[in-house]
Amino acid sequence: VARFTVEELREVLIDSAGVPSGLTIDDPSTPLADLDVDSVSLLALVVALEKRYGVRIRAADALRMNTVGDAVELVNGLLERADQV
Amino acid sequence: VAIRILGVSGSLRRASMNTGLLRAAAQVAPAGVEVEIFDLRPLPFYDADLEQVGTPEPVLEFREAIERAEALLIATPEYNYSVTGVLKNALDWASRPDFRTRPPGPSPLTEKPMAMMGAGGSFGTIRAQMHLRQMALHNDMKVLVKPEVGLQRVREKFDADGNLRDEAIREQVRGLLEALLVWAARLR
């Protein structure tokens with residue numbers, strides 16, 4: 001069961017990455033760049049995700065997220081791993 | 001440019017491997033991130049008499065470049081088990097309080113995120129990097145601990161102009177830069 005959803009990512013993008021609140025995400029394959037997520041907002045997103053979900057995102061993974069789906073998959077992977085500890 | 005990283009090389013040599021590492025960092029920087037390499041050549045030796053009559057212009061430029069930067073990326077050779085005099089001198093100037101305000105403000109190094117790397121010597125500049133960490137500690141800089149990038153016996157990995165031509169090292173530099181960007185973002 002996916003615990004971190006596209007909708008939650010949408011919320012974090014709006015709350016923390018400076019993305020306009022009218023944002024809609026129709027397709028997980030949408031590139032983050034198409035949502036006006038640049039380096040600054042991507043890093044803000046990473047830090048916000050870490051705080052909100054208590055995960056630690058590796059730098060290489062953080063800066064190589066390209067799509068909405070990449071971000072959702074990454075956070076879910078980290079949450080699953082945390083469960084196994 | 002969204003994020004500015006200030007690159008500082010401890011070597012003045014035109015074909016320096018360490019300056020070459022900084023150029024490699026600039027090349028692999030993600031979109032929206034600029035690695036500006038500051039030329040330390042115009043900085044005079046630190047001299048309190050000079051400071052008293054007015055901090056020299058090149059020093060002011062260096063300090064302002066540090067202020068503007070999100071983080072510092074320092075590349076240093078190892079001379080006599082330590083950083084170069086060029087780098088030490090630059091840090092000595094940068095570490096001075098800000099005398100433009102009364103009382104003087106903190107130096108631009110205070111709480112500045114920083115990462116380091118180095119090429120050369122038989123131990124890959126690790127002893128120089130340990131000294132650099134001590135200096136950073138004194139200045140209350142926020143030093144990235146890992147990854148460590150200390151490269152030994154790598155002269156053949158650079159061309160005659162000091163340009164890096166090795167993909168594995170380029171990936172190490174990329175990893176360090178990415179880690180520095182995330183480190184700085186967490187500290188913001």
Side-chain angles (χ1 to χ4, degrees), chain A residues 4 8-21 23 25 29-79 81-82, chain B residues 1-7 21-22 24-36 67-75 111-117 142-150 166-188:
Chain A
F4 176 67
E8 285 170 300
L9 177 69
R10 196 185 77 90
E11 279 171 26
V12 183
L13 281 170
I14 293 165
D15 292 349
S16 310
V19 173
S21 58
L23 173 75
I25 303 173
S29 68
T30 308
L32 290 166
D34 287 4
L35 307 175
D36 286 334
V37 175
D38 62 7
S39 301
V40 173
S41 42
L42 182 64
L43 288 163
L45 170 67
V46 166
V47 173
L49 288 172
E50 289 188 335
K51 280 192 186 142
R52 195 146 157 175
Y53 296 95
V55 293
R56 190 76 161 175
I57 299 175
R58 290 173 53 231
D61 295 335
L63 284 146
R64 295 176 202 187
M65 292 191 292
N66 291 317
T67 65
V68 166
D70 289 347
V72 170
E73 217 174 284
L74 178 65
V75 174
N76 275 317
L78 292 168
L79 289 172
R81 232 180 297 163
Chain B
V1 169
I3 300 176
R4 190 191 307 266
I5 302 291
L6 189 68
L21 288 178
L22 291 174
Q27 287 155 7
V28 299
V33 175
E34 184 193 12
V35 178
E36 174 201 349
E67 269 167 28
R68 279 199 309 273
E70 184 80 19
L72 296 189
L73 179 58
I74 298 180
E111 296 190 358
K112 186 65 69 174
M114 186 263 272
M116 63 185 75
M117 57 184 171
K142 305 296 183 191
V143 187
L144 180 72
V145 178
K146 288 190 176 170
E148 290 177 306
V149 179
D166 182 88
E167 283 316 303
I169 295 175
R170 195 178 303 279
E171 279 310 302
Q172 280 193 64
V173 172
R174 186 201 304 273
L176 181 68
L177 178 62
E178 288 174 341
L180 177 61
L181 289 166
V182 173
W183 173 242
R186 285 186 188 129
L187 292 167
R188 200 177 297 150

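Every value quoted in this text rests on a predicted model; they were computed, and no experiment measured them. Side-chain atoms are counted along with the backbone in the values below, which use heavy atoms only and exclude waters and symmetry mates. Per chain, numbering begins at 1; letters A, B, ... match sequence-line order.
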Practice item. Side-chain contact test, heavy atoms from C-beta onward, threshold under 4.5 Å: evaluate it for Val182(B) versus Ile57(A) and give yes or no. Key: no
Review point. Given side chains that start at C-beta, do those of Arg186(B) and Lys51(A) come closer than 4.5 Å, heavy atoms only?
Key: no
Practice item. Would you indicate whether Asp36(A), at its atom CG, is surrounded by more than 12 heavy atoms from other residues, nucleotides or ligands within a distance under 6.0 Å? Key: no
Review point. Is the count of non-hydrogen atoms from other residues, nucleotides or ligands lying under 6.0 Å from Glu73(A) atom CD greater than 12?
Key: no
Calculate, to the nearest 0.5 Å, the distance between atoms [atom1] and [atom2] belonging to [X] and [Y] respectively.
| X | Y | atom1 | atom2 | answer |
| --- | --- | --- | --- | --- |
| Ser39(A) | Glu34(B) | OG | CD | 12.0 Å |
| Glu178(B) | Arg64(A) | CD | CZ | 4.0 Å |
| Leu43(A) | Ile3(B) | CG | CD1 | 4.5 Å |

**Study point:** Nearest heavy-atom neighbours spanning Ala59(A) and Ala179(B)
**Key:** CB-CA, 3.4 Å
Exercise for review: With a 4.5 angstrom heavy-atom cut-off, could you sort out which part of Ala60(A) is near chain B: side chain, backbone, both or neither?
Suggested key: both
